[in-house]
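Reading through the structure tokens given below for one structure.
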Amino acid sequence: MNAEASSDEDHLAMAEILTVSATLTLRRTRALRRSVLRARRRRGRGGSMPGRAPNAARDFDLGAMSIMRDYFGWAGRPPVYGERYFRTRFRMSTALFLQIYDALRNRPWWRRQINATGRPQAHPLQKLFAAIRVLAYGEAYDRGDEYVRLSRSTIAVAVDKFLRFIIQRFGPEYLRPPNDAELNDILQRNAARGMPGCIGSMDCSHWQWRACPTALAGQFQNRKGRRTIVIETVCDESTYISHFYIGCAASQNDINVLRTSPLYHNIVSGAWPPRDKPFTLNGRTRTLLYYLADGIYPRFPFFATPHPQATTRKQLTYNRLQEALRKDVERLYAVLACRFNIIMRPARFETVGALRRAGTAVAVLHNMNVREDKHGYLAQRRMAAAHHVDDDVAGGEGGLFGAAAQNEAAAGDDQGPIGGAAADGGAAAADDQGPIDEAAADGGAAADAPAGMLPGAVPAMHAHVQGLANAESTLLHSLAAREQSLDENEQELLRDDLTELIWADRCDLVQPFVG
């Protein structure tokens with residue numbers, strides 16, 4: 001009897017619990033429905049779809065007219081703000097701006113269109129102005145709505161399309177390795193600064209990522225606890241960028257970034273830099289050009305790093321000059337941040353791809369500015385003065401380059417035993433190949449065959465053998481380039497030879513950097 005009463009009580013308690021749960025669920029459902037209906041009633045009606053607010057009555061013609069009046073002149077009147085104000089606010093000259101505008105104004109999205117109601121839409125000048133202002137000041141998309149008369153969504157699309165256009169149209173021309181003439185100028189200028197064979201300075205920087213997704217927060221968090229993305233650059237004395245690599249997570253240091261950089265793989269495989277520009281240091285001739293870098297980089301012969309523990313005066317002098325010249329890339333990051341504030345401020349882009357596009361486009365725009373204003377830089381004036389001196393002293397002695405050639409000839413005479421040994425070795429190698437040459441001369445079929453074709457070989461077989469030979473030569477070239485690029489002993493010899501060279505001419509080389 002007691003068991004049956006206890007069971008009935010349990011059933012009643014369970015029924016009460018289920019009733020209360022159902023009541024609470026029903027109340028929550030009704031409250032959610034009321035909130036949804038209330039939100040729908042607050043929405044304004046209008047636009048092309050129910051539930052959407054109508055577009056603001058922006059006067060697109062007024063926006064275009066304001067831009068023309070302020071910076072280009074209107075109705076026969078001069079512009080309100082001249083060239084100096086234009087450069088300050090848009091980080092480029094009027095001529096460069098018009099060059100970009102002329103290249104994109106007839107593209108599908110940029111050209112002025114007519115909407116479904118027959119009203120003209122925004123002018124391409126407004127879209128371009130809004131996109132450049134976002135890059136120049138790092139401002140929000142809706143910051144320039146009152147001036148350019150464009151909505152936030154339109155300016156966001158304009159920025160994205162402008163970044164893609166700059167990379168596609170001007171990237172191959174302005175963001176590439178230096179050509180032969182440019183490389184000769186860089187080598188000549190760096191040789192005058194005390195670093196023969198140097199082709200630029202390399203370093204890494206970080207760009208804070210404000211809109212980093214939570215799933216990537218740990219990967220892109222640096223040692224300071226901030227979400228950043230790594231930028232690796234190479235530039236010359238005029239801060240012209242020849243290599244720009246962006247996209248690595250901030251959890252990686254400079255060494256890890258270097259291992260993933262395309263520049264490293266090109267150097268190791270022998271694709272870059274060219275090996276046909278030898279230079280001589282302390283009696284040693286080298287063919288592998290190098291970059292200036294700080295002490296964190298590995299001991300590779302294509303890096304000229306400072307002495308880790310400098311104790312002698314020679315080593316201290318070399319470190320001082322190397323650090324002074326390496327500051328070119330540090331100066332580049334300061335110039336980039338001041339010229340385009342979007343690099344200075346935390347990025348609001350939501351994907352790594354958008355960050356890469358923004359950084360690459362800024363690098364291209366920076367190079368366009370540098371190439372336009374390069375003639376007024378201190379480095380170019382020094383090079384022009386050096387050429388002028390060479391022309392003045394050129395005469396019976398052959399000028400400065402003739403004197404340098406005579407010095408190299410004298411150095412070669414001092415190394416007579418070494419040169420004689422090399423000549424004897426070459427003669428011995430030629431003697432060893434005598435039987436092979438005689439055998440080739442005796443083969444009549446080989447004389448009748450085309451150049452490079454094996455005797456009695458059909459063209460198809462010859463093409464196959466030639467292809468195998470080319471593949472083998474390419475593989476051997478890559479292996480030799482890799483061995484040359486990763487020789488740590490050669491890097492120490494390079495640093496020691498540069499130390500001796502700088503110490504011999506320390507007064508003239510270090511004087512410009514002594515306060």
Side-chain angles (χ1 to χ4, degrees), residues 176-180 182-184 186-187 190-191 195-202 232 234 242-243 245 254-293 297-305 408 411-412 415 418-434 436-437 440 451-454 462-498 501:
R176 54 168 176 78
N179 55 31
D180 192 68
E182 295 169 348
L183 195 59
N184 290 334
I186 294 174
L187 290 173
N190 286 329
M195 292 288 178
C198 176
I199 54 176
S201 305
M202 174 185 286
E232 180 188 80
V234 172
S242 58
H243 167 70
Y245 176 58
D254 293 2
I255 301 177
N256 305 127
V257 174
L258 176 66
R259 297 289 186 177
T260 62
S261 172
L263 179 64
Y264 168 79
H265 295 286
N266 290 336
I267 295 176
V268 172
S269 64
W272 176 263
R275 264 66 169 182
D276 58 348
K277 298 184 181 301
F279 61 98
T280 303
L281 285 175
N282 200 19
R284 297 186 181 92
T285 301
R286 293 177 170 84
T287 59
L288 181 60
L289 307 179
Y290 60 90
Y291 299 97
L292 298 178
Y297 282 91
R299 299 190 321 184
F300 294 152
F302 54 87
F303 286 140
T305 58
E408 292 182 0
Q415 298 175 359
I418 301 177
D424 295 340
D431 294 337
D432 292 340
Q433 295 178 356
I436 300 176
D437 296 338
M453 180 175 289
L454 298 177
H462 168 69
H464 177 68
V465 174
Q466 189 70 22
L468 293 178
N470 292 337
E472 183 179 2
S473 62
T474 303
L475 178 60
L476 294 177
H477 172 73
S478 300
L479 292 176
R482 182 178 181 84
E483 183 179 0
Q484 180 190 23
S485 303
L486 302 180
D487 188 0
E488 296 183 358
N489 296 328
E490 181 62 26
Q491 196 267 351
E492 295 180 358
L493 290 176
L494 172 65
R495 186 167 54 194
D496 294 339
D497 292 342
L498 287 173
L501 175 67

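- Within the 3.5 Å criterion, the main-chain N or O of Asn179 finds a donor-acceptor partner in the side chain of Glu182.
- For the atom pair CG of Asn489 and CD of Glu492, the computed distance is 6.0 Å after rounding to the nearest 0.5 Å.
- Within the 4.5 Å cutoff, the side chain of Ile199 has no heavy atoms near those of the Pro178 side chain.
- Heavy-atom contacts from other residues, nucleotides or ligands closer than 6.0 Å to CZ of Arg176 number more than 12.
- Using a 4.5 Å cut-off on side-chain heavy atoms (C-beta onward), Trp272 and Pro274 make contact.
- Between Phe303 and Tyr297, the ring centre distance stays below 6.0 Å.
- Separating the CE atom in Met202 from the CG atom in Asp254 is a distance of 10.0 Å, to the nearest 0.5 Å.
- Between Thr305 and Arg495, the shortest heavy-atom distance links the atoms O-CD, 3.1 Å.
- Between His265 and Arg259, the closest heavy-atom pair is NE2-O, 3.0 Å.
- Closest approach of Ser269 to Ala481, counting heavy atoms only: C-CB, 3.9 Å.
- You'll find the side chain of Cys198 stays beyond 4.5 Å of the side chain of Leu289, heavy atoms only.
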Show your reasoning for whether side chain to side chain contact (heavy atoms under 4.5 Å, CB included) applies to Val234 and Tyr291.
CA-CA 8 Å; Val234 172; Tyr291 299 97; 3.4 Å; yes
Between Tyr290 and Met195, is the side chain to side chain contact (heavy atoms under 4.5 Å, CB included) condition met? List the steps.
CA-CA 10 Å; Tyr290 60 90; Met195 292 288 178; 3.7 Å; yes
Test Asp497 against Arg286 for side chain to side chain contact (heavy atoms under 4.5 Å, CB included), laying out the working first.
CA-CA 11 Å; Asp497 292 342; Arg286 293 177 170 84; 2.7 Å; yes
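- Contact check for Leu258 versus Tyr245: no side-chain heavy atoms found under the 4.5 Å cut-off.
- For the pair His243/Glu232, a side-chain contact is recorded, criterion being any heavy-atom separation below 4.5 Å from C-beta on.
- Between Tyr264 and Leu486, the shortest heavy-atom contact is OH-CD2, 4.0 Å.
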Can you list the steps and then say if Lys277 with Leu183 is a side chain to side chain contact (heavy atoms under 4.5 Å, CB included)?
CA-CA 9 Å; Lys277 298 184 181 301; Leu183 195 59; 3.6 Å; yes
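- Looking at heavy atoms from C-beta onward, Phe300 lies out of side-chain contact with Glu490 at the 4.5 angstrom threshold.
- Nearest approach of Leu288 to Gln484, heavy atoms of both residues: CB-NE2, 3.7 Å.
- Residues Leu493 and Arg284 meet the side-chain proximity criterion, which asks for heavy atoms closer than 4.5 Å.
- Side-chain contact between Leu494 and Leu281 is present, with heavy atoms from C-beta onward closer than 4.5 Å.
- The shortest non-hydrogen separation linking Ile267 to Arg275 is O-NH2, 3.4 Å.
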